There are 2 protein chains.
Amino acid sequence: MSVTIKEVAERAGVSVATASRALSGGRGVRPANRERVLRAAKELDYEPNAVAAALRSRTTNSVGIVVPRISNPFFATLVEAVEREAARGGQGLLLSTSQYDPEVEAGQLRSLLDRRVDALIAVPCHSERSRAAIEAAGQRVPTVQLDLCLDGGGGSWVGVDSEAGILAAVEHLVGAGARTLAYVGSEPTDSSAQARLDGYRGAAPLCPGATERVLLGDFSLEWGHRAARRLLENRREMPEGIVCGNDTIALGVLRELARNGVDVPRRVMVTGFDDIPFAELAEPPLTTVRQPLEQLAAEAVRTLAARLGGGEEPHRRVAIAPELVVRASTRAAPPPR
Amino acid sequence: MSVTIKEVAERAGVSVATASRALSGGRGVRPANRERVLRAAKELDYEPNAVAAALRSRTTNSVGIVVPRISNPFFATLVEAVEREAARGGQGLLLSTSQYDPEVEAGQLRSLLDRRVDALIAVPCHSERSRAAIEAAGQRVPTVQLDLCLDGGGGSWVGVDSEAGILAAVEHLVGAGARTLAYVGSEPTDSSAQARLDGYRGAAPLCPGATERVLLGDFSLEWGHRAARRLLENRREMPEGIVCGNDTIALGVLRELARNGVDVPRRVMVTGFDDIPFAELAEPPLTTVRQPLEQLAAEAVRTLAARLGGGEEPHRRVAIAPELVVRASTRAAPPPR
DNA sequence: GACATCACGGTAATCGTTTACATCCCCGGC
DNA sequence: GCCGGGGATGTAAACGATTACCGTGATGTC
């Protein structure tokens, strides 16, 4: 069927061992022979069989990744960054989605392990029920949790420093003149929601009374609508700044405020979190905390590389500081008096 | 290291051949033996080595996919659908991105072939310069072009019936009372842009003068802005319906119209194409032609399955009719006189 | 009762590489 | 002139499954 290394070796007049050595790295082969092997390979249009190589060398040069879903632009961008990073290192990427179901997730992890991926990247879809499968996987290959992490945190993790991000948003709002704040976020069902909420509470000292108005629902547009309506009930006491747990919520809030004729940013300022593509396209464009996705991906791959190469690397937990992107939904300067 | 089929066979008291047969399908094995093998496998927590199986059986149970990028929500959803469909059939998905570079694309295809994927799905990033690599791949494994296709069209293809989609939009606009139309789309640099433009021209008979205003740029928000400004130059002659080549353009158009105080849908109706997530969130929500992504993915996988199983299947070209989703950016009924 | 048939199970070849180990050769040091 | 060392090669044994092929015993048919 397809041409094998044996035929290349024959044509080059060397043994398969030499051919193999010449083709992979070329160390320990006399230049003349290496030359002949490479030429023969080219002439025969030799395509190495990665499966056979993987079997013998116990290395597939591929990493597996499992995310809740890809249609979520946040994960999509993350996967893309990981793919690029992996491709740069000659690694293939086996992609699976858990669809937010820990059972499915476990099955996918298992399947990836059967396929003998060299390493795993996982965004745990549940902070507790994902534990067993992910820890089991971690026993067999280097595994890093990305973005989300397991409760109580075992294993390596690469994510964003949510507290710092929320703190930056709060500082910005206060600096821009907001005297009262509210937080609209998600119930802390996963580690990110938890960290963002913690971040808000931690920033409370900057603004007296900030923790009094904390509305928790889920990360959806509808929840943004509902929460905004709640805040609108008492127009006079409406806060001057609303910190949202993510951009989707913020967009819902923005829209509900617009419907009720509330001037953003003059009457109320709004911030989001993530910087999804449409944050920029909202009316007004949304000030938000940008997830450093490229850096997350790069760091995740780097962490794996470290654990692959150097034997018993300790578990790493890396939190990357995000960046505040200021747009028209907040003011840069204090309001004129 | 990890437990092999040999140990399973030993524990079950049979030969590896029998163990293998029992584990995969179980045909030609006496129930009693099969039972014992399965039990032994479970007890030892046996994980089959998919790499070894792949080498011998010349089947990796995996398909490769290469798309221009995943951060584009359209491709993301497509990939997700393909992944689900593949997982359903026990197939793994090897993901690559071409980043719109035919060279990179060729490299990725080659790498996937080295990894011996059973089949390939590709969204050609260029209608001509992708040809060589994709056709070469098609020689080695079943390959289907998804969404976009090569110029002149060789090989299998699964995509959407763009002409029918645009036609539906035009019919809808005319039915809702638009007497003058314009088209804002992309230069036909790829097969979709071409087909959508063709669709618009083909629908022209429904609305006299429709083909006089055809503005071509690229599939971007900015182009939507610019095109809208062009149409606004002569306010009186502004068309009553604007058919856009995709949703991104349409969102740009909508925004520019809003800035200029043009009432949508009363003065102008606007349609998009794709139904990206934000079409629904636009102000007003965008009437658009929804890509049947699930169906596309399912059909693509089905096409591959057909070509995998049944020897010399002929090339298929499948165009799936999309569905018009009517929202507030158009009116359902003719305007009151 | 002899013989063809059939279901089942074992032996061993095979998939296409990598790599451990042996060999050979060349060179320098003594 | 001999020996030790090291670099380049070749030989052949892995890697862990699947599967071609053959033997065996049971069954059915005449």
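All chains are named by letter (A, B, ...) in the order of the sequence lines, taking the proteins before the strands, and each is independently numbered beginning at 1. Source: prediction; values computed, not measured.
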* What string of B, S and - do you get for nucleotides 7-14 of chain D, 5' to 3', when a contact is any protein heavy atom under 4.0 Å? -> -SBBB-BB
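Taking every side-chain heavy atom of A/Ser57 into account, C/dT18 is the closest of C/dT18, C/dG16, D/dT18.
Rounded to whole Å, the distance from CD1 on A/Ile5 to C1' on C/dT17 is 7 Å. Between the CZ atom of B/Arg116 and the C1' atom of C/dG16 there is a distance of 9 Å, given to the nearest Å. The CG-P distance, from A/Leu55 to D/dA17, rounds to 9 Å in whole Å. Atom CG of B/Leu44 and atom P of D/dG16 are 15 Å apart (whole Å).
Remark: B/Tyr46 is not in phosphate contact with D/dG16, judged by side-chain N or O atoms under 4.0 Å from OP1 or OP2. Contact annotation: A/Ser20 does not reach the phosphate of C/dT17 (side-chain N/O to OP1 or OP2, under 4.0 Å). Distances shorter than 4.0 Å separate some side-chain N or O of B/Arg58 from OP1 or OP2 on C/dG16.
Between B/Arg129 and B/Glu103 there is no salt bridge, since no side-chain nitrogen of the basic residue lies less than 4.0 Å from a carboxylate oxygen of the acidic one.
For A/Arg21, the salt bridge (charged side-chain N to carboxylate O under 4.0 Å, His left out) test picks out no residue, with sequence neighbours left out. Applying the salt bridge (charged side-chain N to carboxylate O under 4.0 Å, His left out) criterion to A/Glu128, with sequence neighbours excluded, gives no partner residue. B/Glu35 pairs by the salt bridge (charged side-chain N to carboxylate O under 4.0 Å, His left out) definition with nothing, not counting sequence neighbours.
In this structure, A/Thr4 reaches the sugar-phosphate backbone alone: every heavy-atom distance under 4.0 Å involves primed, P, OP1 or OP2 atoms, never a base.
Applying the salt bridge (Lys or Arg N to Asp or Glu O under 4.0 Å) definition to pairs two or more places apart or across chains, those involving residues 108-123 of chain B are A/Asp45-B/Arg110. Among residues at least two apart or in separate chains, side chain to side chain donor-acceptor pair (under 3.5 Å) pairs with a member in residues 63-75 of chain B are A/Glu80-B/Arg69, A/Glu80-B/Ser71, B/Arg69-B/Ser71.
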